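Contents: one structure, followed by commentary.
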Amino acid sequence: MLSPNTTYTAYLIFKITNERHTGLESLPVKASVRFVNGEDEYEDDNSSTVFLTLRTLRSVGGGQNGRLPQTRKDGWMEIELGEFYNDVADDGEVEMRLREVSSLKTGLIVEGIEVRPRVGV
């Protein structure tokens, strides 16, 4: 149930296991969010780079631009996937993607995705 004429931001809520995790430091991932609005085609131009660990940023040289995860008060991490503008009330579909397919990933625990109204402009 989304309010009309509102910009929303989607966040991936996750943890990384302290034991064995692999592949999460090796490459940044692409994240995107869009309000489908009857469109079938998906364009990668809307995606942004996110880092699931700070170690990823160090392993790629630190010169890349991208979003970094933040630790929440409840112990989970969150990373902004992107935002979308809802102009059609409750009718519509929002698609959220997080992609990196060139290496095996283990140790990522996903709690879910939170969609919140964007605060400030």
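What you see is a predicted model, and the numbers here were worked out from it, not measured in a lab.
At least one side-chain heavy atom of Val50 sits less than 4.5 Å from a side-chain heavy atom of Leu98. For the pair Ile113 and Tyr11, the minimum side-chain heavy-atom distance is 4.5 Å or more. You'll find the side chain of Leu12 stays beyond 4.5 Å of the side chain of Met96, heavy atoms only. Put simply, the side chain of Ile13 does not reach to within 4.5 Å of the side chain of Val110, judged on heavy atoms. Within the 4.5 Å cutoff, the side chain of Phe84 has heavy atoms near those of the Leu2 side chain.
Arg67 CZ to Thr49 OG1: the interatomic distance, rounded to the nearest 0.5 Å, is 9.0 Å.
Here the shortest heavy-atom pairing between Lys15 and Gly75 reads CE-O, 3.7 Å. Ser48 approaches Leu81 most closely through the heavy-atom pair OG-O, 4.0 Å. When every heavy atom of Ile79 is checked against every heavy atom of Pro69, the shortest pair comes out as CD1-N, 3.3 Å. Summarising the geometry of Lys30 relative to Ser47, their closest heavy-atom pair is CD-OG, 3.8 Å, with the distance given to 0.1 Å. Pairing each heavy atom of Thr7 with each of Tyr85, the nearest pair is OG1-CD1, 3.3 Å. Between Trp76 and Ile109 the shortest heavy-atom distance is CZ3-O, 3.8 Å.
Both tests do not hold together for Arg116 against Tyr8: distance to the six-membered ring centre under 6.0 Å, angle to the ring axis within 45°.
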request  = Quick one: do Val33 and Val94 satisfy side-chain contact (heavy atoms from CB on, under 4.5 Å)? Show the steps, please.
outcome  = CA-CA 7 Å; Val33 174; Val94 178; 4.0 Å; yes
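Of the candidates Glu83, Glu93, Glu95, Glu95 is the only one forming a salt bridge (charged side-chain N to carboxylate O under 4.0 Å, His left out) with Arg34.
Side chain of Asn86 to backbone of Ser3: a donor-acceptor contact under 3.5 angstrom is found.
For Arg118 and Glu80, the salt-bridge test fails: no basic side-chain N is under 4.0 Å from an acidic carboxylate O.
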